[in-house]
Trainee: 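Supplied in structure tokens, the structure appears directly below.
None of the values given here were measured: they were computed from a predicted structure. Each ligand, and each atom within it, is numbered from 1 in the order the structure gives. Because only heavy atoms are used, hydrogens play no part in the values below, and waters and symmetry mates are left out as well, while side chains stay in.
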Amino acid sequence: SHVMMRIILVGLGNVGQGLLTLLHDKAESLQQREAFSAQIVGVVTGRRGTLYHPDGLDIAALLDAAARGTLDAYPDSPALRRDLPALTLIQEAAAEVLVEASPTNFTDAQPSLDYCYTALETGKHVVMANKGPIALAHDELMRRAALVGKQVLFEGTVMAGTPSIRLAREGLRGAQLLSVRGILNGTTNYILTQMENGLPYADALQQAQALGYAETDPSGDVEGWDAAGKVLILSAALFGHPRRLAEIDVQGITHLTPADIESARAAGERWKLIATLTPHAASVRPQRIPITDPLAGVSGASNAITYETDTLGGVTLIGRGAGRIETGYALLTDILSLPRP
Ligand code: HSE
């Protein structure tokens with residue numbers, strides 16, 4: 001039977017716009033193939049206020065307002081509210097799901113974490129691309145979700161729309177996960193690839209920002225914290241072992257020079273920012289790996305993850321790990337996989 005999902009969207013940056021673009025462009029095929037349609041009933045932004053319309057906001061007009069950088073550009077209509085505080089909107093809007101796509105912060109994950117708790121308390125599922133809440137409070141989110149019979153899904157927090165979480169949770173269900181090794185940050189992998197092509201670091205970083213790969217504050221990417229946050233997520237979600245950022249051995253790529261890149265190349269090697277996770281240890285550090293290592297062939301904003309298991313040996317997934325549409329797509333797959341009301 002046909003389902004209509006009413007969505008509250010937090011964050012109207014690259015990722016939020018990516019989801020809106022997909023909902024807009026795929027409306028017909030989602031209707032036909034998935035018997036699914038969606039309404040965006042509310043939008044919450046960090047500094048640009050909120051929008052609420054009980055019958056759904058116009059997605060094309062929202063994308064236009066987002067491109068202009070102001071919700072003021074969204075056209076008025078009788079039932080439109082522009083004045084609701086974020087928490088009031090999340091509490092009171094009739095909606096099935098809260099989509100969290102605001103910028104990640106690994107310090108306290110606020111205000112996003114409270115948005116998630118409030119959504120659950122008022123009977124909404126939570127789907128997130130924002131890594132903060134799940135990295136810092138995975139277990140508490142799951143506990144609260146179970147209490148109210150709702151789901152918290154977060155495919156987009158690791159490798160964007162490339163289904164890293166779903167592969168581990170569904171495809172590897174009967175296997176025991178022994179370790180994880182991968183390239184989990186698109187920005188740094190893109191920078192390293194461009195530096196191999198002879199581009200200076202600063203130009204490569206600028207390109208990664210323009211392409212929508214980098215975080216709002218890109219120091220989180222280049223210093224390794226974004227990949228480390230993803231390690232926290234995998235540790236809590238797949239190993240049942242919540243860790244703190246301070247427990248991870250983290251090193252970024254900011255100290256790598258063109259000479260380092262060149263000397264690796266001359267030796268038939270390549271620098272990659274590698275994340276490693278076992279039940280006992282977790283790290284993120286640049287490593288010089290031989291060109292024959294499968295991870296050496298992962299270039300640009302692509303990411304890769306190898307799950308070592310007791311039963312299947314290694315299972316490797318490679319795909320895009322960052323980007324507007326790529327991450328919007330993760331939100332879409334999570335929304336589509338929610339139980340239907
Ligand atoms: N800034 C992140 C990256 C986005 O570059 O991988 C995806 O989480």
Side-chain angles (χ1 to χ4, degrees), residues 10-11 13-19 99-106 109 112 127-136 138 153-166 180-195 201-202 204-237 245 248 250-254 256 271-275 277 284-286 295 298-305 317-334:
V10 181
N14 282 316
V15 176
Q17 292 176 53
L19 174 65
V99 171
E100 231 304 339
S102 64
T104 290
N105 106 50
F106 290 125
S112 311
V127 165
M128 61 183 120
N130 178 353
K131 290 154 270 196
I134 206 80
L136 270 56
H138 171 274
L153 299 180
F154 49 92
E155 184 62 71
T157 60
V158 181
M159 287 176 76
T162 303
S164 57
I165 304 288
R166 213 159 252 122
V180 179
R181 175 172 177 258
I183 296 174
L184 299 182
N185 180 264
T187 301
T188 46
N189 204 55
Y190 181 86
I191 293 172
L192 291 173
T193 301
Q194 290 297 63
M195 285 176 78
Y201 171 89
L205 172 57
Q206 218 167 43
Q207 286 183 354
Q209 289 178 290
L211 290 164
Y213 303 149
E215 296 298 299
T216 309
D217 174 1
S219 62
D221 292 295
V222 296
E223 287 166 9
W225 298 112
D226 178 79
K230 289 163 179 162
V231 168
L232 291 185
I233 291 169
L234 296 172
S235 185
L245 218 43
I248 303 185
V250 182
Q251 207 184 319
I253 63 159
T254 49
L256 289 181
W271 284 100
K272 290 290 180 191
L273 186 64
I274 307 285
L277 174 66
V284 172
R285 45 179 51 248
L295 292 189
V298 177
S299 62
S302 288
N303 279 186
I305 196 162
L317 178 69
I318 298 176
R320 296 186 188 181
R324 183 181 169 115
I325 288 293
E326 290 83 350
T327 314
Y329 174 79
L331 295 169
L332 177 61
T333 58
D334 277 350

Trainee: I'd like to check which ligand 1 atoms, numbered from 1 as shown, lie under 4.0 Å from a non-hydrogen atom of G321.
Mentor: 6 (O), 7 (C)
Trainee: Given side chain to side chain contact (heavy atoms under 4.5 Å, CB included), test I305 with L234 step by step and report yes or no.
Mentor: CA-CA 11 Å; I305 196 162; L234 296 172; 3.8 Å; yes
Trainee: Where is the nearest protein heavy atom to atom 5 (O) of ligand 1: which residue, which atom, and how far?
Mentor: T187 OG1, 2.6 Å
Trainee: Below a 4.0 angstrom heavy-atom separation, can you tell me which part of N303, side chain or backbone, both or neither, approaches ligand 1?
Mentor: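 No part of N303 comes within reach of ligand 1.
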Trainee: What protein heavy atom lies closest to atom 3 (C) of ligand 1? Include the residue and the distance to one decimal.
Mentor: N185 ND2, 3.2 Å
Trainee: Strictly by modelled atom types, are T333 and E155 linked by a side-chain donor-acceptor pair under 3.5 Å?
Mentor: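 Checked: T333/E155 side chains show no N/O donor-acceptor pair below 3.5 Å.
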Trainee: Students should be able to answer this: which protein heavy-atom is nearest to atom 8 (O) of ligand 1, and at what distance?
Mentor: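 Answer, as residue, atom name and distance: K131 NZ, 2.7 Å.
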Trainee: List the closest protein heavy-atom neighbour of atom 6 (O) of ligand 1: residue, atom name, distance to the nearest 0.1 Å.
Mentor: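 The protein heavy atom lying closest is G186 N, 2.7 Å.
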Trainee: Applying side chain to side chain contact (heavy atoms under 4.5 Å, CB included) to V99 and L19, what does each step give before you reach the verdict?
Mentor: CA-CA 10 Å; V99 171; L19 174 65; 4.0 Å; yes
Trainee: I'd like to know if the side chain of T157 reaches the main chain of K131, judged simply by a donor and an acceptor atom lying under 3.5 Å from each other, with no hydrogens or angles considered.
Mentor: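 No.
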Trainee: Regarding ligand 1, does Y213 bring an N or O atom to under 3.5 Å of one of the ligand's N or O atoms?
Mentor: yes
Trainee: Pick one of side chain, backbone, both or neither for how D221 approaches ligand 1, counting any non-hydrogen atom pair under 4.0 Å.
Mentor: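 Under 4.0 Å from ligand 1, D221 contributes side-chain atoms alone.
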Trainee: List ligand 1 atoms under 4.0 Å from K230, heavy atoms only on the residue side.
Mentor: 2 (C), 3 (C), 6 (O), 7 (C), 8 (O)
